[in-house]
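Order of appearance sets the numbers: ligands from 1, and atoms from 1 within every ligand. Numbering starts at 1 and runs along the sequence shown.
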Amino acid sequence: MNDMASLKGRSLLRLEDLSDEALIGLIDLAAEYKRRKRMGIRGDALRHKSVGLIFEKSSTRTRCAFTVAATDEGGRAEYLDIHDIHFGRKESIADSARVLGRMFDGIAFRGFRQQTVEQLATHSGVPVWNALTDECHPTQILADLLTIRECFGRLKGLKVVYVGDGRNNVANTLMIGCAKAGMHFVNCTPRELAPAPDLCRMASDMAAARGGSVAVSHEPADAVKGANAVYTDVWVSMGEEAKFQERLGLLRPYQVNMGLMQATGNVKAGQVVFLHCLPAFHDGNTEVTREIGPMEVTDDVFEAPFSKVFDEAENRVHTIKAVMVATLGGVEL
Ligand code: CP
Ligand code: NVA
């Protein structure tokens, strides 16, 4: 059985769950779905499949990507706001999982605890996809890797530098994704926000075995030297709103601005891209930033030709489609 076939019936709870071959296989499949969609071709790999989307936190991209991807392939998605269902309040998560697993062919979950998505997978009996928890965001990183590969034609050997809140879901999962792909990954973050040492060790071993590397830095201008991708995310993740002032204080020196992009030494040669999972605080046009202006990235970087953030956002739909098709068992291109 090849590695893509082995995904059939399985969940995607964290990126570590995927073999290297399955990770690249999903990116290849997503690229093929993207090509087909561009040509106006829709398939029926998810025909008669219904997927449930349980969301405890808000979402624009992930929610819509699951819905559009299912629809493109002939399936349907039902959005289940946590406040509209009994999940974990009037009914245990295990009971809700057993009920929903009898109705849906697959379930996406976005929320706080990693344990919740794992419980869902244990009890539902159907593939469960992690649509973001406090710990990780695997479907995001599949889209990021596809985007980087589109820009450079390869992944292995490239240098990716994440600058910002180094212990959030996106930073954690990007570290694993880059390590698995044999890339050189630097997590540049204040000491107070450094990623968990055991995760770093695992990622570092993984990267070393594949010709890559993982490092933690506290010096942005030094860390980004030679970077092919500079990646950032919000300074305050969903659920951490009480930390707002503290994070502003810690992370201001880690803002991605034009000076930092220039410090890569790769702007002129066209050898660096800027990435952000979005939503981004790059100007004063949001409720949060009206008073304080840009936070993790300045507007000139966000809008620069080397910024690939909207390709990255679009790629959420193609990669999520690949995940659903591969795990629900319909890969036949
Ligand atoms: N990047 C991402 O997950 O975006 P949403 O929160 O809009 O889903
Ligand atoms: N780290 C961010 C990612 C949003 C897609 C959050 O959890 O809010």
Find all atoms of ligand 2 within a distance of less than 4.0 Å from any non-hydrogen atom belonging to L132, and give their numbers and elements.
3 (C), 4 (C), 5 (C), 7 (O)
Salt bridge or not for R35 and E32, using N-O below 4.0 Å?
yes
Can you list, by chain and residue number, every protein residue with a non-hydrogen atom closer than 4.0 Å to ligand 1?
S59, T60, R61, T62, R110, H137, Q140, C277, L278, R316
Could an N or O of ligand 2 be found under 3.5 Å from any N or O of D233, whether backbone or side chain?
yes
Any idea which atoms of ligand 2 are less than 4.0 Å away from a heavy-atom of S237?
1 (N), 2 (C), 6 (C), 7 (O), 8 (O)
Distance check, rounded to the nearest 0.5 Å: D283 atom CG versus E303 atom CD?
8.0 Å
With K57 as the cation and F112 as the aromatic partner, state whether NZ or CZ is under 6.0 Å from the six-membered ring centre and within 45° of the axis.
yes
Partner of S96 under side-chain hydrogen bond (donor to acceptor under 3.5 Å, both in side chains), chosen from H123, H86, E91
E91
Check each of H137, Q140, M238 against atom 8 (O) of ligand 2 and report the one with the nearest heavy atom.
M238
With a 4.5 Å cut-off on side-chain heavy atoms, are T62 and H137 touching?
yes
Using a 4.0 Å cutoff against the non-hydrogen atoms of L278, which atoms of ligand 2 qualify?
5 (C)
Between N169 and D134, is there a side-chain donor-acceptor contact under 3.5 Å, judged purely by atom types and distance?
no
Within a radius of less than 6.0 Å around CD of E291, do more than 12 heavy atoms belonging to other residues, nucleotides or ligands occur?
no
Give the contacting part of N169 toward ligand 2: side chain, backbone, both or neither, where contact means a heavy-atom distance below 4.0 Å.
side chain
Closest contact, heavy atoms only, A131 versus F66:
CB-CE1, 4.0 Å
Does NZ or CZ of R63 come closer than 6.0 Å to the centre of the six-membered ring of Y79, within 45° of the ring's axis?
yes
